Asks: 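Just passing along the structure, written as structure tokens.
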Protein chains: 2
Amino acid sequence: MRRTTGNRRAWAEFGGLLREARELRGTESREFSLRRVAQRIDVEPAYLSKIERGEVAPPSEEKIRALARELDQDPDVLLAVAGKVSEELREIIRRRPREFGELLRQLRNAPDHAILRIARQVRDGKW
Amino acid sequence: MRRTTGNRRAWAEFGGLLREARELRGTESREFSLRRVAQRIDVEPAYLSKIERGEVAPPSEEKIRALARELDQDPDVLLAVAGKVSEELREIIRRRPREFGELLRQLRNAPDHAILRIARQVRDGKW
DNA sequence: GGTAGTGTGTAGTACATAGTACACATGCGA
DNA sequence: TCGCATGTGTACTATGTACTACACACTACC
């Protein structure tokens, strides 16, 4: 395992978030030991341990999604903390790079509520 | 170079687009031979040759941007054909994954003009 | 007919990504 | 006290990404 020691801080943030979420659930249920969770998302316990301690980079999108399900987290947020953007969203952009490029750059500094309001308006057919 | 023969078709589309654009300019100017362009974007000629023939995967974002400048192409489009999304746009999404995730999914099937109209309205301060 | 420029074939490199496998020490309950 | 579960250290692997370096054949020009 290559360490590339320089993203360690970012990895630790992701790992810390996971551990916190897991330990929260672990206090009540015993189904949330590191080993149990590792088994359910289909990775080796040692690997999940290293992820949680930020010793290695965050895992693949697939595993991050599985973790989000297990620990009841927002997948998009977890992916973002891991430094990733979901393949689903990248696909949407790749299909119309000009349009979405333009839109995203215009909205870069818009307030959260403005972005969400637009999303709502689109959903309600107001476009 | 690992070939992973299965994305070859996608690579060829990217390469073909490059070659076409380059040869178009090459008919008039002689500054657009494969070797000259390769030198300007700082890669080996053999490498650019393989890229244009779709024998290897598209190069890094940096090189794709350089090619877009040289050949007067839209970088976002060239990146998209290469199967990539620019780091700039990914950054925008990672900062507010919930908001932009929601927005992009709502706009997935919206017509082009609707997306561009929203971008225009945002630019004009109508939000 | 040399030489300058053209595109391409072959081989190899360094680093990133995404993990596995096994052994070990510690602690907790019955 | 013994067995089982817990988290973790160490070593290793396969594949992907992004290239370089060099040699070769062809053509075009003067």
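Below, read A as the first sequence line, B as the second, and so on, with proteins coming before strands; counting in each chain starts at 1. All of these numbers come straight from a predicted model, not from anything done at the bench.
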Asks: dC19(D), dG19(C), dA18(D): which one has an atom nearest the side-chain heavy atoms of Pro59(B)?
Replies: dC19(D)
Asks: Find the distance Glu55(B):CD to dT20(D):C1' and express it as a whole number of Å.
Replies: 15 Å
Asks: So, OP1 or OP2 of dG7(D): does either fall under 4.0 Å of a side-chain N or O from Arg22(A)?
Replies: yes
Asks: Whole angstroms only, please: what is the CD-P distance between Glu23(A) and dT6(D)?
Replies: 14 Å
Asks: Tell me which residues in residues 73-80 of chain B put a heavy atom below 4.0 Å from DNA chain C, sorted by number, or none.
Replies: none
Asks: Give Arg19(A) one of three labels, base, sugar-phosphate or nothing, depending on what nucleic acid heavy atoms sit under 4.0 Å from its own.
Replies: sugar-phosphate
Asks: Counting any heavy atom closer than 4.0 Å, what does Lys50(B) reach on the DNA or RNA strands: base, sugar-phosphate only, or nothing?
Replies: base
Asks: Rounded to the Å, how far apart are Arg35(A) CZ and dT8(D) C1'?
Replies: 9 Å
Asks: Could you work out which one of dT6(C), dA18(C), dT8(C) sits closest to the side chain of Ser33(B)?
Replies: dT6(C)
Asks: Take atom CD in Gln39(A); do more than 12 heavy atoms of anything else shown fall under 6.0 Å from it?
Replies: no
Asks: Can you tell which of dG9(D), dT8(C), dT6(C) lies closest to the side chain of Arg53(A)?
Replies: dG9(D)
Asks: Think Lys63(A) has a side-chain N or O under 4.0 angstrom from the OP1 or OP2 of dT20(C)?
Replies: no
Asks: On the nucleotide dG9(C), are OP1 or OP2 found under 4.0 Å from the side-chain N or O atoms that Ser49(B) carries?
Replies: no
Asks: Return yes if some donor-acceptor pair links the side-chain N/O of Arg123(A) with the main-chain N/O of Gln106(B) below 3.5 Å, else return no.
Replies: no
Asks: CZ of Arg30(B) versus C1' of dC29(D): gap in Å, rounded?
Replies: 15 Å
Asks: Roughly how many Å is it from CD in Glu87(B) to C1' in dT17(D), rounded to a whole number?
Replies: 16 Å
Asks: Counting only non-hydrogen atoms, which of residues 37-46 of chain B are less than 4.0 Å from DNA chain C?
Replies: Pro45(B), Ala46(B)
Asks: Backbone N or O of Leu18(A) within a donor-acceptor pair of the Arg22(A) side chain at under 3.5 Å?
Replies: no
Asks: In whole angstrom, give the distance that lies between atom CZ of Phe32(B) and atom C1' of dG7(C).
Replies: 18 Å
Asks: For Arg40(A), I'd like to know if atom CZ has over 12 heavy atoms of other residues, nucleotides or ligands within 6.0 Å.
Replies: yes
Asks: With a 4.5 Å heavy-atom cut-off, do Leu78(B) and Phe14(B) have their side chains touching?
Replies: yes
Asks: Counting neighbours of CZ on Arg95(B) that are heavy atoms of other residues, nucleotides or ligands and sit closer than 6.0 Å, is the number greater than 12?
Replies: no
Asks: Could you check whether Arg65(A) pairs with Glu62(A) (Lys NZ or Arg NE/NH1/NH2 to Asp/Glu carboxylate O, under 4.0 Å)?
Replies: no
Asks: Where do Arg94(A) and Glu87(A) land on the salt bridge (charged side-chain N to carboxylate O under 4.0 Å, His left out) test, with the steps shown first?
Replies: CA-CA 10 Å; Arg94(A) 283 200 306 266; Glu87(A) 171 55 23; 2.7 Å; yes
Asks: Just how far, in rounded Å, is C1' of dT10(D) from OH of Tyr47(A)?
Replies: 16 Å
Asks: Nearest nucleotide by nearest heavy atom, which residue falls closer to the 5' end of DNA chain D, Glu52(A) or Glu62(B)?
Replies: Glu52(A)
Asks: Whole-Å distance between dT8(D) P and Ile51(A) CD1?
Replies: 12 Å
Asks: Verify the neighbour count for atom CD of Glu31(B): are there more than 12 heavy atoms of other residues, nucleotides or ligands below 6.0 Å?
Replies: yes
Asks: Just wondering, are more than 12 heavy atoms of other shown residues or ligands nearer than 6.0 Å to CD in Glu20(B)?
Replies: no
